[in-house]
Amino acid sequence: IESVDHAAHALRVRRVNGCERLTVVWDRRTRFVAEDRLSTASRLQAGGRADVSYRTPFFGERYATKIVLSDSAAARPRP
């Protein structure tokens, strides 16, 4: 995740290969998952890792359907 604009509901991400950057927006139907549980957009942070599923409509912006925060599992305390 490169940047998060909570006011505009926009997320700028870089693909794994690092070559392509894209911006997606989210809405009330977007599902957020962190630590294998449903979460909220408030967990999004620049510098974090996430798997983003999105749609590209014929007209309009790309919109996220599901965002899975990958780094949240690493933040869990280990036994």
Side-chain angles (χ1 to χ4, degrees):
I1 300 174
E2 289 192 341
S3 65
V4 180
D5 183 344
H6 288 278
H9 292 192
L11 177 68
R12 183 155 176 88
V13 295
R14 185 178 58 209
R15 290 187 181 248
V16 174
N17 62 14
C19 296
E20 186 181 353
R21 291 173 171 82
L22 58 98
T23 300
V24 296
V25 295
W26 71 82
D27 62 15
R28 61 181 174 80
R29 293 174 292 174
T30 303
R31 290 179 295 154
F32 297 90
V33 178
E35 298 174 5
D36 298 326
R37 296 180 184 199
L38 288 177
S39 186
T40 63
S42 64
R43 300 281 303 261
L44 296 173
Q45 295 181 26
R49 294 182 61 94
D51 294 319
V52 180
S53 300
Y54 65 92
R55 302 270 188 218
T56 305
F58 191 68
F59 293 103
E61 299 177 285
R62 295 178 180 107
Y63 65 93
T65 55
K66 184 177 180 182
I67 300 174
V68 179
L69 300 173
S70 301
D71 61 344
S72 57
R76 280 191 235 162
R78 297 185 183 239

Could you list the donor-acceptor pairs under 3.5 angstrom formed by side chains in residues 50-69, with sequence neighbours left out?
unit_1, atom_1, unit_2, atom_2, d
Asp51, OD2, Ser70, OG, 3.4
Tyr54, OH, Arg15, NH2, 2.8
Thr65, OG1, Ser53, O, 3.2

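With sequence neighbours excluded, the residues forming a side-chain contact (heavy atoms from CB on, under 4.5 Å) with Thr23 are Ala10, Arg12, listed by chain and number. Partners of Arg14 under the salt bridge (Lys or Arg N to Asp or Glu O under 4.0 Å) rule, at least two apart in sequence or in another chain, are Glu2.
Atom NE2 in His9 sits 9.0 Å away from atom CG in Asp27 (nearest 0.5 Å). Leu11 contributes atom CG, which lies 8.5 Å from atom CG of Leu22 (distance to the nearest 0.5 angstrom).
Taking the six-membered ring where tryptophan is involved, the planes of His6 and Trp26 are perpendicular, since the angle between them exceeds 60° and thus also 30°.
Shown here for Ala46 and Ser3, the closest heavy-atom pair between the two residues is CB-CA, 4.2 Å.
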